[in-house]
Amino acid sequence: MSKHIFGDTTVLLGRSLRHISRSPDTIVTTAIMPIAMMLMFVYVFGGAIRTGSDSYVNYMLPGILLITVASGIAYTAYRLFMDMKGGIFERFQSMPTARSSVLWAHVLTSLVANLVSLVVVMLVALLMGFRSSAGLSAWLSVAGILILFTLALTWIAVIPGLSAKTMEGASAFSYPLIFLPFLSSAFVPTDTMPTVVRVFAENQPVTSIVNAVRALFAEQPVGNDIWIALGWCVGILVVAYVFAMNTYRRKIS
């Protein structure tokens with residue numbers, strides 16, 4: 001790894017963030033769909049869903065936050081695809097820059113953009129009545145989980161961003177990730193689901209992440225959910241990183 005990687009990544013991160021700042025509609029678009037879902041579920045379906053919670057917006061917000069991240073990483077894959085097709089990677093490789101700095105700049109840009117989208121969604125949730133008695137440590141724990149989740153999904157997004165043949169293919173991979181929270185405890189308790197669906201819902205990563213975030217917001221005991229959530233996030237992050245870097249090396253070799 002080049003000793004200049006941190007400086008090179010910082011410079012290229014600034015380039016990517018300038019692109020984002022010149023087209024803030026990408027962040028707005030990322031936040032619009034989760035906000036629309038939140039409005040629909042709370043004001044249309046919320047009265048018919050029994051969750052045992054005093055406020056349905058409190059119950060379903062963790063799932064909306066994960067959907068926000070899943071929506072946002074589609075733009076990461078898109079930006080990578082456009083840079084690959086535009087020859088940006090080859091251009092930077094001909095310069096005295098660290099080989100992986102371009103990739104890391106895209107990953108960190110995704111993290112920043114998604115965190116901004118998450119803040120926007122949280123602000124709308126507060127306007128809709130979301131309230132939390134959580135202390136600083138619980139909020140920091142939620143932030144840590146969301147950052148890990150964002151990094152894990154971002155490295156997944158890197159793979160189609162580098163290898164897709166079309167622009168549509170680069171971003172279409174995010175659709176299953178957006179749908180996954182609907183097969184979890186994000187919107188309804190899993191014990192109301194048919195047996196086969198319930199077994200899947202209770203043993204997929206979104207449920208443990210949602211349960212941990214929900215418990216932290218409510219200052220309730222998190223039990224094993226937080227460790228299972230962290231295990232899923234770290235495991236997905238490591239596996240996705242390895243596959244993404246292998247794909248990147250093949251592309252620039």
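Because the structure is predicted, anything quoted here is derived from the model rather than measured.
- Linking Ile, Leu, Val, Met, Phe, Trp and Tyr residues whenever their side-chain heavy atoms come within less than 4.5 Å places Phe149 and Val119 in a single cluster.
- Among Leu65, Ile147, Leu123, the one residue that satisfies the side chain to side chain contact (heavy atoms under 4.5 Å, CB included) test with Leu118 is Leu65.
- Sorted by first then second residue, the side-chain hydrogen bond (donor to acceptor under 3.5 Å, both in side chains) pairs that include residues 142-157, not counting sequence neighbours, are Ser110-Thr154.
- Listed by chain and number, the residues in a side chain to side chain donor-acceptor pair (under 3.5 Å) with Asn203 amount to none (sequence neighbours excluded).
- Think of Leu136 as one node in a network of Ile, Leu, Val, Met, Phe, Trp and Tyr side chains linked at under 4.5 Å; its network also takes in Leu140.
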Set out, in order, the CA-CA distance, both residues' side-chain angles and the distance that settles side chain to side chain contact (heavy atoms under 4.5 Å, CB included) for Leu108 and Val112, then state yes or no. CA-CA 6 Å; Leu108 294 176; Val112 173; 5.6 Å; no
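- Taking the side-chain contact (heavy atoms from CB on, under 4.5 Å) definition, one finds that Tyr78 meets it with Met82, Met167, sequence neighbours left out.
- Listed by first and then second residue, the side-chain hydrogen bond (donor to acceptor under 3.5 Å, both in side chains) pairs that reach into residues 217-237 come to none, sequence neighbours excluded.
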All N/O donor-acceptor pairs, side-chain side in residues 127-134, below 3.5 Å, sequence neighbours left out:
residue: Arg131; atom: NH1; partner: Leu126; partner atom: O; Å: 3.0
residue: Ser132; atom: OG; partner: Ala134; partner atom: N; Å: 3.1
residue: Ser132; atom: OG; partner: Phe217; partner atom: O; Å: 2.6

Could you list the donor-acceptor pairs under 3.5 angstrom formed by side chains in residues 178-190, with sequence neighbours left out?
residue: Ser184; atom: OG; partner: Pro181; partner atom: O; Å: 2.5
residue: Ser184; atom: OG; partner: Ala186; partner atom: N; Å: 3.1
residue: Ser185; atom: OG; partner: Asn211; partner atom: OD1; Å: 2.8
residue: Thr190; atom: OG1; partner: Glu202; partner atom: OE2; Å: 3.0

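- Evaluation of the side-chain contact (heavy atoms from CB on, under 4.5 Å) rule for Ile145 yields Ile209, Ala212, Val213, Leu216, Ile226, Leu230 as partners, not counting sequence neighbours.
- Counting side-chain heavy-atom gaps under 4.5 Å among Ile, Leu, Val, Met, Phe, Trp and Tyr, the cluster of Ile159 also holds Val239, Phe243.
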In sequence, state the C-alpha distance, the side-chain angles, and the governing distance for Met33 and Ile67, and then conclude on side chain to side chain contact (heavy atoms under 4.5 Å, CB included). CA-CA 9 Å; Met33 186 182 70; Ile67 289 176; 4.2 Å; yes
